[in-house]
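A quick write-up on the structure given underneath.
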Amino acid sequence: MDAAAQEAERAGGAVGRRREAAAAGHTGDAAKARSFLHDDDPMVRSSALRALERAGDLAAQQLEDALDDPAAAVRMTALELAAYRADIAAAAAASRLVDDDHRVVEAAAWACGEKVSASGDDSAGSTGAWGSETDAVVEALVRVARSHTDALCRESAIAALGAISDPAGLPAILAGLDDKPEIRRRAVIALAPFDGPEVDAALLRASTDRDKQVRTAAAELRG
């Protein structure tokens, strides 16, 4: 069998294993789903994670381990699932904001926004373990919003900062108003939870932006 045929056979086998893993999640067969967690194929491993979550048997440690999986696709799946798990710290999602793959960084920013905003703790300078964690997550998101080379990552980070609505993230959101049009649009929307003279001035400036969608978003927020 030549190399191409072997590759096709492996791919076909992976499709079958993915289906088996997904079916195990629907039938609640956690043991079967777990057997695919260390499969050679990343998409099979992703399916196993989703199946275990569906079956209610995905342990926090298994999910945290998946955040460090060699395959970006698995890390992205883990972030998607971690976003709604109270037993996974926001800092775990934030750890992927320095990932080598921009798709993972984008997913990590989204997950951070979901996790921190869902906590209901949006007070500046909050104390205690959660407040300290929020500060660290916001700081990491600010770095992505200001300096990441990928525009989608900057946009996702700005959206997360808006969702978290911590004042420490406001300067990075304001800076986003000088970025690409799609990021400027996202930055305007992210200003919704904030108020004050600098926000008013930013919205006024955005209302004359050369991009129509930026102008429209600013006009809606200004009322």
Side-chain angles (χ1 to χ4, degrees), residues 18 21-22 24-26 28-39 41-123 126-145 148 152-153 155-166 168-169 190 193:
R18 285 181 66 186
H26 286 285
D29 190 346
K32 182 71 170 178
R34 229 176 353 260
S35 70
F36 294 106
L37 277 178
H38 301 290
D39 194 273
D41 188 271
M43 301 312 294
V44 176
R45 298 199 296 277
S46 290
S47 293
L49 289 171
R50 295 184 191 280
L52 283 170
E53 181 71 2
R54 180 182 290 275
D57 201 53
L58 180 59
Q61 188 60 57
Q62 291 170 327
L63 190 49
E64 289 180 357
D65 288 345
L67 289 171
D68 292 322
D69 191 275
V74 180
R75 300 197 297 275
M76 291 166 66
T77 297
L79 285 163
E80 178 186 332
L81 298 176
Y84 303 110
R85 290 278 296 255
D87 56 350
I88 303 296
S95 70
R96 302 281 20 129
L97 289 171
V98 294
D99 200 277
D100 292 336
D101 193 302
H102 69 87
R103 297 168 301 169
V104 178
V105 175
E106 183 183 356
W110 169 80
C112 287
E114 291 294 311
K115 291 188 71 64
V116 179
S117 62
S119 75
D121 180 5
D122 57 1
S123 57
S126 53
T127 58
W130 179 252
S132 176
E133 182 182 49
T134 300
D135 292 345
V137 170
V138 169
E139 183 179 344
L141 285 168
V142 165
R143 285 195 295 271
V144 174
H148 203 282
L152 286 175
C153 292
E155 181 179 353
S156 187
I158 285 173
L161 290 170
I164 295 170
S165 63
D166 188 304

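For clarity, every value in this text was computed on a predicted model and none was experimentally measured.
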Kindly give the heavy-atom pair with the smallest separation between [X] and [Y], and that separation in Å.
X	Y	value
Ala157	Ala145	CB-N, 3.7 Å
Gly28	Ala55	CA-CB, 4.1 Å
Glu133	Ala89	OE2-CB, 3.1 Å
Glu64	Asp87	OE2-O, 4.4 Å
Ala30	Leu52	O-CD2, 3.5 Å

Can you list, pair by pair, the side-chain donor-acceptor contacts under 3.5 Å of residues 31-38, counting residues two or more places apart and other chains?
residue, atom, partner, partner atom, Å
Lys32, NZ, Glu20, OE1, 3.1
Arg34, NH1, Asp57, OD2, 2.3
Ser35, OG, Lys32, O, 2.5

Going from [atom1] on [X] to [atom2] on [Y], what distance comes out if it is rounded to the nearest 0.5 angstrom?
X	Y	atom1	atom2	result
Leu152	Glu106	CG	CD	5.0 Å
Leu81	Met76	CG	CE	12.0 Å
His102	Cys153	NE2	SG	7.0 Å
Leu49	Asp69	CG	CG	8.0 Å

Would you check if [X] and [Y] make a side-chain contact, meaning some heavy-atom pair closer than 4.5 Å?
X	Y	result
Thr77	Arg45	no
Leu67	Arg75	no
Val137	Leu97	no

Contacts of Glu139 that satisfy side-chain contact (heavy atoms from CB on, under 4.5 Å) - sequence neighbours left out =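 Per chain and number, Glu139 pairs via side-chain contact (heavy atoms from CB on, under 4.5 Å) with Arg143.
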Quick one: salt bridge (Lys or Arg N to Asp or Glu O under 4.0 Å) partners of Glu80, sequence neighbours excluded?
->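 With neighbours one apart ignored, the set is Arg50.
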Using side chain to side chain contact (heavy atoms under 4.5 Å, CB included) as the criterion, point out the one residue from Val138, Leu161, Thr134 that pairs with Val116.
->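 Only one option passes, and that is Thr134.
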